[in-house]
Amino acid sequence: MDKTYQPNAIEQQWYKTWEENGYFKPSGDTQADPYCIMIPPPNVTGSLHMGHGFQESIMDALIRYHRMQGDNTLWQVGTDHAGIATQMVVERLLAAEGTTRHELGRDKFIEKVWEWKEQSGGNITRQLRRLGASPDWSRERFTMDDGFYKAVQEVFIRLYEDDLIYRGKRLVNWDPKLHTAISDLEVLNEEEQGHLWHFRYPLADGSGHLVVATTRPETMLGDTAVAVHPEDERYQHLIGKAIKLPLANREIPIIGDDYVDREFGTGCVKITPAHDFNDYEMGQRHNLEMINILDADANLNNEVPEKYRGMERFAARSQVVDDLDALGLLEKVEPHTLKVPRGDRSGVVIEPWLTDQWYVKTQPLAEEAIKAVEDGSVNFVPKNYENMYFSWMRDIQDWCISRQLWWGHRIPAWYDDSGNVYVGRSEEEVRQKHNLGDIALRQDEDVLDTWFSSGLWTFGTLGWPEDTEELKTFHPTSVLVTGFDIIFFWVARMMMLTLYFKKEVPFHTVYVHGLVRDSHGQKMSKSKGNVLDPIDLIDGIDLESLVQKRTSGMMQPHLREKIEKQTRKEFPEGLAAYGTDALRYTYYSLASTGRDIKFDVGRIEGFRNFCNKIWNASRYVLQNCDGHDCGQDGSGDFELSLADRWIISQLQRTEKAVREAMDNYRFDLASQALYDFIWAEYCSWYLELSKPVLWDDAASPAVKKGTRRTLIRVLETVLRLAHPMMPFITEEIWQKVKDLAGQSGDTIMLQSYPEADEHRIDTEAEAAIAALKQVIEGVRNIRGEMKISPATKIPLILRGGSAEDRQNLDNARALMIKLASLESVSWLNTGESAPASATALAGDVELLVPMAGLIDVAAESARLQKEIDKLGKELSRVEGKLKNPKFVDKAPEAVVEKERGKLAELQSAQDRLQQQLEEISKL
RNA sequence: GGGUGGUUAGCUCAGUUGGGAGAGCGACGGCCUUACAAGCCGUAGGUCACAGGUUCGACCCCUGUACCACCCA
């Protein structure tokens, strides 16, 4: 083995081996429990960001964990066609080529999209492989696959036939740039600085005017009422009268509606039912006329006076303001902060716009979806996300599923010239079913919302509507791993559609993880220039390339300089190559229950070092086991030392802790337990404890064999324990140790996952090693504080302690000498006087390090005094507690007893240190 | 305005029936000790946001306040 861990030398090669050997496929064992995860399909044209890396790492750990437990495990991958996002990307490419999709035509455009998909669609899956993900690649799916389209179409048709899909003219969120409706969830409402304009609206009878306040003056051309609060004394008497609407020169009524906020603006609100969601509802209540004044580009249409026709909306805004001002009708303008709706893809201001769209009646579907969570058929982890789910589901609106795009699942509906709608699987089917002969039919131009199709993901990808074996085996799936930001978008939709069509839940558990942010807690985004590419963390990247990457293709070039500066400051050396295992381990360590996950490069470095630690510990183990009898033949002629029994005992506890954490989705706790065991117990102590045995020519062959056997077997076990979290390094080393550990098999991936054996928990050995550690740590403390060079071997004198202490420490004499770097160890008999020494305590045993020539009296006094003070503080706390009669009376006997024991211990320790202090003070 | 999460060492975070505050990174001091300097040994550092309450006992349970973040209106 190399002296240092080189991730790039092992990772890709093992991945290839695994994939070629088909290890990722389900075992097909029908006796075993099925376990299945469906990947949340990433956008096909996208690339893997830190959030994906985090999510895929978690799924892979779960999958590998269950696969090793013998479950029939399926992890199915795939990508989403992502209607708007993909169409935008391809349109941008076309623009660069100097053409547009309209010039190309629909069919040609779709061909172009497929070409693009072929070209870039592999990006995500390549990156997934680099992360060590182990999905069944042979079952990879795409939401635009033929088979999947069949499921999508079937769902649409059945919902239509069951009266759960309808077509209606409603206000939708219209994106005037992308020319499509988008859902509420794709609209971002951000506060922006705007204005509040106050206009005078003259009363029709000429008796005066009302002042209305608005943030959108241009819509006044579509006003069809002015509303006041019915109990507002200022305006009450005007209800029923009319306004002569300026510029448009129409008469509109003044109405009373308690929706009006008396405090806002002037208390008079202009009502534009065709261009505002609240006004729309008020329009319904009062039967108001709806005047649509915008076209699809959000330019003014022919419903407005000649002068404004064809004007862009914001130009029209200033024109309207100017014209009203010229008429003396502009009362005032004040600055105003308002929430502006913007499309999350296009960034332009969204218009509420009246169009014909397809809707799903969600209420009946939502009821079932709520029930499934209430009755525990589906569990959220952490639990509190259920509230978020409920609150959204209980207040759900009908779902607009049509999109005015070309890329997506075309709606299976046809119209005749009289405007009748026919829904069916094909034009032929529709003609036949409705006896249409050869009248002209045209298919609906629109496609379905991407989330409509991804709502079918769990069962649509398993072959539904056919009743396939896969569907029977793996559905409902086991767990969905997702970010909380997608609960509404996706989880809710899957719940509704799956329950309706499969009459069962899509998954039993929803594990909701946090969102990965940068080390300052900022969201990672291209425009902030703080994105990290998981692949760069794996392979490393030099500073210049990183700067180049972060500043290229920027939407806002003016940020370039800032980003460059910030990047050079934060990563002056670029990024080192940390390898996949270190990256994954970092993800797990961060996967606690919080919502924000701050990713600090310092963490990943620490885990790369951890990998190196495992690597080097394995080198040591192999150096000492290779070519020796380690009991790999199953022979029993070995003897386990105290240290062997201790590390085996600790291993059982670790196995238990790791399993428990994994079962509860606490990857942070699992990774921590493993880290502690490997580094702090196995490497720092056990490996060191093994040296005096292996290097001692006098040690018996049986004990040496016991030590080798333990060294190699604990290592082999811990590799299996760690494999789901760090697949590559564990495989690489496992291949080298498996034979010596008496194991066989082609890959660690398919070995059994370690399970604790309670019988091997050995409290006796644990106590003995704890005592030994105390002695060694006591001596090290003296050495460290007294600045005695590690090279100087020092004598140690022991005093006091029970017979058992003496027995245990005598047995461990060789270990003590090596680990504390001693010259000698001896016991002081009662009555024998001790030389002037530095002192420490290990339980009841006093440790004396003779001071001759070694120790500075003042320093030693100070050190003792510090210890005494520390004990004193603790002592007075315990004393206070025990002097309190309420505590002694009311606390459980065991607790009181424990405190009494503690008191005695502290007292005796303090006494002895005090005595020592006095002794050296005499010098 | 409604809701959710958070506030623990300089930084990032654990702390699961209420019974002696932990880790990693960083800091400081000492070491190339035959697996590892990507390392080893030692040390320092916290009124657990604040104020009440319950309890013999509160980082933990209850109430309120402040601040931060996010979601919804």
Side-chain angles (χ1 to χ4, degrees), chain A residues 1-6 184-185 189 278 339 382 384-388 390-392 395 484-485 487-488 514-515 517 519-521 523 576 578-579 582 586 589-624 660-661 664 666 668-669 671-673 675-676 679-680 683-684 687-688 690-691 695 711 776-777 779-793 818-821 863 866 874 877-878 880-882 884-892 894-896 898-899 902 905-906:
Chain A
M1 286 173 82
D2 285 342
K3 196 174 168 185
T4 49
Y5 159 68
Q6 302 290 352
D184 290 347
L185 300 168
N189 288 290
N278 292 317
K339 294 248 174 154
N384 54 285
Y385 285 107
E386 287 180 5
N387 293 331
M388 202 176 181
F390 284 137
S391 71
W392 193 74
D395 191 32
F484 64 82
D485 56 329
I487 289 178
F488 307 140
L515 300 185
R517 297 167 175 280
S519 61
H520 309 291
K523 213 166 165 173
Y578 297 111
T586 310
S589 74
L590 295 170
S592 63
T593 57
R595 285 211 294 217
D596 292 331
I597 292 159
K598 292 183 200 168
F599 192 95
D600 194 321
V601 173
R603 292 295 296 262
I604 193 173
E605 188 178 346
F607 291 118
R608 192 267 319 259
N609 295 353
F610 179 51
C611 291
N612 189 50
K613 191 74 181 173
I614 295 173
W615 186 262
N616 278 291
S618 304
R619 283 180 59 221
Y620 167 80
V621 173
L622 286 170
Q623 280 163 18
N624 285 284
E660 205 173 292
N664 289 301
R666 287 303 301 272
D668 58 330
L669 300 181
S671 65
Q672 178 80 44
Y675 184 97
D676 283 348
W679 200 313
C683 293
S684 291
L687 256 45
E688 295 306 321
S690 75
K691 288 173 185 174
W695 296 351
L711 270 175
I776 293 165
E777 278 165 346
V779 176
R780 283 178 182 171
N781 175 282
I782 291 172
R783 187 190 288 279
E785 297 267 299
M786 294 299 106
K787 311 256 192 294
I788 301 168
S789 153
T792 312
K793 304 268 187 260
K818 171 73 177 67
L819 271 67
S821 191
R863 198 182 65 84
K866 198 170 75 180
E874 190 63 13
R877 211 182 56 79
V878 176
K881 221 169 175 181
L882 284 167
N884 182 351
K886 288 182 189 161
F887 171 72
V888 181
D889 290 347
K890 297 199 176 175
V895 174
V896 177
K898 203 168 144 196
E899 291 296 314
K902 202 191 294 172
E905 224 172 90
L906 289 167

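Here is the naming used below: chain letters follow the sequence lines, and residue numbers restart at 1 for every chain.
- The salt bridge (Lys or Arg N to Asp or Glu O under 4.0 Å) check on K902(A) picks up E899(A), with sequence neighbours excluded.
- With sequence neighbours left out, the salt bridge (Lys or Arg N to Asp or Glu O under 4.0 Å) criterion links R517(A) to D596(A).
- Residue contacts shown for L515(A) are absent, as no nucleic acid heavy atom lies under 4.0 Å away.
- Using atom P as the reference point in both rA37(B) and rC25(B), the two lie 16 Å apart (nearest Å).
- In this structure, N609(A) places its CG atom 8 Å from P of rC25(B), rounding to the nearest Å.
- Checked by atom type and distance alone, the side chain of N616(A) pairs as donor or acceptor with a backbone atom of N612(A) at under 3.5 Å.
- Rounded to the nearest 0.5 angstrom, W615(A) CH2 and K3(A) NZ are separated by 14.5 Å.
- Regarding E660(A), its CD atom lies at a distance of 13 Å from the P atom of rG15(B), rounded to whole Å.
- Between R666(A) and rG15(B) there is a side-chain polar atom (N or O) within less than 4.0 angstrom of OP1 or OP2.
- Atom CZ of F610(A) and atom P of rG39(B) are 12 Å apart (whole Å).
- A distance of 11.5 Å separates CG of N624(A) from CZ of R619(A), quoted to the nearest 0.5 Å.
- Formation of a donor-acceptor pair under 3.5 Å by the T792(A) side chain with backbone atoms of I788(A) is not found in this model.
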Which atom pairs link the protein and nucleotides 40-44 of chain B when you take only N or O atoms and keep those under 3.5 Å?
from: rC40(B); atom 1: OP1; to: K613(A); atom 2: NZ; distance (Å): 2.7
from: rC40(B); atom 1: OP1; to: W679(A); atom 2: NE1; distance (Å): 2.8
from: rU43(B); atom 1: OP1; to: N781(A); atom 2: ND2; distance (Å): 2.9

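- Here the P atom of nucleotide rC25(B) and the OH atom of Y578(A) are 13 Å apart, to the nearest Å.
- Of the candidate nucleotides rG19(B), rC13(B), rA35(B), rC13(B) has the atom nearest to the side chain of S592(A).
- Considering every non-hydrogen atom in both A617(A) and C683(A), the closest pair reads CB-SG, 3.6 Å.
- The 5' end of RNA chain B is approached more closely, in terms of each residue's nearest nucleotide, by E874(A) than by the other of E874(A) and Q623(A).
- Contacts of R666(A) classified as salt bridge (Lys or Arg N to Asp or Glu O under 4.0 Å), with partners at least two apart in sequence or in another chain: D668(A).
- Comparing the C1' positions of rC40(B) and rU34(B) gives an interatomic distance of 14 Å, to the nearest angstrom.
- Going from the C1' atom of rG45(B) to that of rA23(B) covers 15 Å, rounded to whole Å.
- Without hydrogens or angle criteria, N664(A) side chain to E660(A) main chain gives a donor-acceptor distance under 3.5 Å.
- Here CD1 of I614(A) is found 8.5 Å from OH of Y5(A). Values are rounded to the nearest 0.5 Å.
- Atom name P, nucleotides rG1(B) and rA9(B): the rounded distance is 31 Å, in whole Å.
- Looking at residues two or more places apart in sequence or on another chain, you find a ring pair (Phe, Tyr, Trp, His ring centres under 6.0 Å) between F610(A) and Y585(A), Y675(A).
- The side chain of N612(A) has rA38(B) as its nearest neighbour among rA37(B), rA38(B), rU16(B).
- If you take atom C1' in rG39(B) and the same atom in rU55(B), they sit 49 Å apart, rounded to whole Å.
- When the P atom is compared between rA49(B) and rG10(B), the two are found 13 Å apart, to the nearest whole Å.
- Using a 4.0 Å heavy-atom distance criterion, L687(A) is classed as a base contact.
- Counting any heavy atom pair closer than 4.0 Å across all strands shown, N384(A) reaches sugar-phosphate atoms only and no base atom.
- One can place CG of D668(A) at 17 Å from P of rU12(B), the figure rounded to the nearest angstrom.
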Just the atom pairs and distances: protein N or O near nucleotides 22-24 of chain B's N or O, under 3.5 Å.
from: rA23(B); atom 1: O2'; to: Q672(A); atom 2: NE2; distance (Å): 3.2

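- Among the protein residues, K3(A) comes within range of the sugar-phosphate backbone only, with heavy atoms under 4.0 Å from sugar or phosphate atoms but none that close to a base.
- Here CG of N781(A) is found 13.5 Å from CD1 of I776(A). Values are rounded to the nearest 0.5 Å.
- Rounded to a whole angstrom, the distance from the P atom of rC32(B) to that of rA38(B) is 16 Å.
- Remark: Y385(A) engages no residue in a side-chain hydrogen bond (donor to acceptor under 3.5 Å, both in side chains) (not counting sequence neighbours).
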Which nucleotides of nucleotides 67-73 of chain B have their base under 4.0 Å from a protein heavy atom (B), which only their sugar-phosphate (S), and which neither (-), written as one string 5' to 3'? --BB--B
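- Contact annotation: S391(A) does not reach the phosphate of rG3(B) (side-chain N/O to OP1 or OP2, under 4.0 Å).
- Under the 3.5 Å distance criterion, the side-chain polar atoms of R783(A) are matched with a main-chain donor or acceptor of A820(A).
- Geometrically, K691(A) engages Y620(A) in a cation-pi contact defined by less than 6.0 Å to the ring centre and at most 45° from the axis.
- Between the C1' atom of rC36(B) and the CD atom of Q6(A) lies a distance of 13 Å, rounded to the nearest Å.
- A side-chain donor-acceptor contact under 3.5 Å links D600(A) to the backbone of G602(A).
- With sequence neighbours excluded, no residue satisfies salt bridge (Lys or Arg N to Asp or Glu O under 4.0 Å) with K818(A).
- Of all nucleotides listed (rC31(B), rU16(B), rG20(B)), rC31(B) comes nearest to the side chain of P790(A).
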Restricting to nitrogen or oxygen on both sides, can you table the protein-nucleotides 54-58 of chain B pairs closer than 3.5 Å?
from: rC56(B); atom 1: OP1; to: K890(A); atom 2: NZ; distance (Å): 2.6
from: rC56(B); atom 1: O4'; to: K886(A); atom 2: O; distance (Å): 3.4
from: rC56(B); atom 1: O2'; to: N884(A); atom 2: ND2; distance (Å): 3.3

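- Remark: L882(A) CG to R877(A) CZ distance equals 10.0 Å, nearest 0.5 Å.
- Atom name C1', nucleotides rU47(B) and rU43(B): the rounded distance is 23 Å, in whole Å.
- K598(A) pairs by the side-chain hydrogen bond (donor to acceptor under 3.5 Å, both in side chains) definition with nothing, not counting sequence neighbours.
- Following rounding to the nearest Å, D600(A) (CG) and rG10(B) (P) show an atom-to-atom distance of 17 Å.
- Heavy-atom distances to RNA chain B give each of W695(A) and S589(A) a nearest nucleotide, and the one nearer the 5′ end belongs to S589(A).
- E688(A) comes within 4.0 angstrom of a base, heavy atoms only.
- Atom CG in N624(A) sits roughly 9 Å away from atom C1' in rA35(B) (whole-Å rounding).
- Base engagement by Y5(A) is indicated by at least one non-hydrogen atom pair under 4.0 Å involving a base atom.
- Every stem involving RNA chain B, taken as at least 3 paired positions in a row under the Watson-Crick or G-U wobble test at 3.5 Å, is listed here: B:1-7 with B:66-72, B:10-13 with B:22-25, B:27-31 with B:39-43, B:49-53 with B:61-65.
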